[in-house]
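Before any comments, here is the structure.
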Amino acid sequence: MTKQEEIAKLKAEKDAVILAHYYVEPEVQEIADYIGDSFYLSKLAQGLNNSTIVFCGVNFMGESGKLLSPHKKVLMPDLHADCPMAHMVRKETVDRFRAEYPDLAVVCYINSTAEIKTWSDVCVTSANAVKVVRALPNHDILFIPDRNLGHFVAEQVPEKNVMLVDGCCPIHDQISAQELQELKQAHPQAELLVHPECSAEVRAMADYLGSTSGIIKHATESANTEFIIGTEVGVCYDLERKNPGKTFYFPKTRPVCADMKAITLDKILHVLKTGENDISVSENVAARAGAPLERMLELSK
Ligand code: 13P
Ligand code: SF4
């Protein structure tokens, strides 16, 4: 039996469903039941009937799945696959802003630990951040932990006072404006599609700015046939699958998230066989971290 066949058999036996983010390896995306960005996957996890979810992504994704579906088993193929940005804000910082701005809304990017979510009023993903912040009644907003996505939101919602901390995604933040410029010169017809986790300099060059699924949708619907992509290389699998006649160029320093790439077929097989790496969130944290996620789903309807 191939690994793929063994996974299919175990999935049926264990009533499991496999969810994968666009940044995991193509062979993992191939065996997934659903592939998507952070927003799609968090919404989906809640509505599925299976008793077990295998979450092929980094820890905050599995944790969010567990917070939204506490009675399901959520298995992580690799518990060391963690998003560095998910830890990039301190409680003292949030407390300081709360003391200074009595009507503050703390808006937390879903790429954060469950504990950080407990300090927050609402979560967002890159696909809904602008819509959710706009819908909040508060004028003063503290956006944590991604300064780049936060700055993008501040530009899109100028009527609010959006304040930032200094976190970022090391992969997107390091995408080089110079390398993108070289690609634009080599391929002048190509559209530049950029994720809002990128630096302000890179965002300023973009023809289109959006979440991972936004980038894929834009490229698929565009009449253009060449695109320069400013996000993690994992999107290439779905971009090429949906757009056989189109060409996609990535920066020569390839944006690769090692944590996402840590998910392998062998690790998926292992957790399906053993039931290990069942993600758990303490009752105390779960009680307070689920509400900002639920509020995000409500405000982004
Ligand atoms: P989206 O899935 O919201 O596009 O975010 C990208 C990302 O970096 C996920 O870790
Ligand atoms: Fe975190 Fe960036 Fe990797 Fe996404 S791509 S998991 S934000 S380090």
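Just follow the structure's listing: the first ligand is 1, and inside any ligand the first atom is 1. Here the structure is a predicted model, which means the values were calculated and not measured. Just so you know, these numbers use all the heavy atoms, side chains as well, and skip hydrogens, waters and symmetry mates.
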| query | Residues in salt bridge (charged side-chain N to carboxylate O under 4.0 Å, His left out) with Lys267, at least two apart? | reply |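 Here the qualifying residues are Asp78.
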| said: Side chains of Glu182 and Gln178 only: does a donor on one sit below 3.5 Å from an acceptor on the other? | reply: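 Judged by distance alone, the side chains do pair up.
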| query | What protein N, O or S atoms come within a distance below 2.8 Å of atom 1 (Fe) of ligand 2, ordered by chain and number? | reply | Cys83 SG
| ligand 2 contact on Glu232 by region, counting heavy-atom pairs under 4.0 Å |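 Neither; nothing of Glu232 gets under 4.0 Å from ligand 2.
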| request: Start with the C-alpha gap between Glu191 and Lys184, add the side-chain angles, then the distance that decides, and say whether salt bridge (Lys or Arg N to Asp or Glu O under 4.0 Å) holds. | output: CA-CA 8 Å; Glu191 269 185 272; Lys184 270 167 85 94; over 6 Å; no
Contact check, side chains of [X] and [Y], non-hydrogen atoms, under 4.5 Å:
{"X": "His172", "Y": "Asn148", "result": "no"}
{"X": "Glu197", "Y": "Phe152", "result": "no"}
{"X": "Lys9", "Y": "Glu13", "result": "yes"}
{"X": "Tyr22", "Y": "Ile35", "result": "yes"}

| message | Rounded to the nearest 0.5 Å, what separates atom NZ in Lys246 from atom CD in Glu240? | response | 12.5 Å
| request: Would you mind listing which atoms of ligand 2 come within a distance below 4.0 Å of any non-hydrogen atom of Tyr23? | output: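 Those of ligand 2 that fall under 4.0 Å from Tyr23 are 5 (S).
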Go ahead and list the nitrogen or oxygen contacts between ligand 1 and the protein that come in under 3.5 Å, distances to 0.1 Å, or just say none.
| unit_1 | atom_1 | unit_2 | atom_2 | d |
| --- | --- | --- | --- | --- |
| ligand 1 | 2 (O) | His21 | NE2 | 2.7 |
| ligand 1 | 2 (O) | Ser38 | N | 2.9 |
| ligand 1 | 2 (O) | Ser38 | OG | 2.9 |
| ligand 1 | 3 (O) | Ser126 | OG | 2.6 |
| ligand 1 | 4 (O) | Ser126 | OG | 3.2 |
| ligand 1 | 4 (O) | His195 | NE2 | 2.9 |
| ligand 1 | 4 (O) | Thr212 | N | 3.0 |
| ligand 1 | 4 (O) | Thr212 | OG1 | 2.5 |
| ligand 1 | 8 (O) | Glu197 | OE1 | 3.3 |
| ligand 1 | 8 (O) | Glu197 | OE2 | 3.0 |
| ligand 1 | 10 (O) | Asn111 | ND2 | 3.3 |

| query | Out of curiosity, is Glu197 lining ligand 2, as in a heavy atom under 4.0 Å away? | reply |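 Yes.
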| Where does the angle between the aromatic ring planes of Tyr249 and His187 fall among parallel (under 30°), tilted (30 to 60°) and perpendicular (over 60°)? | parallel
| request: Please state whether the rings of His21 and Tyr23 are parallel, tilted or perpendicular, taking 30° and 60° as the class boundaries. | output: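 His21 and Tyr23: perpendicular rings.
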| task | Identify, with sequence neighbours excluded, every residue that meets side-chain contact (heavy atoms from CB on, under 4.5 Å) alongside Asp15. | result |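 Applying side-chain contact (heavy atoms from CB on, under 4.5 Å) to Asp15 gives Asn50, Ser51.
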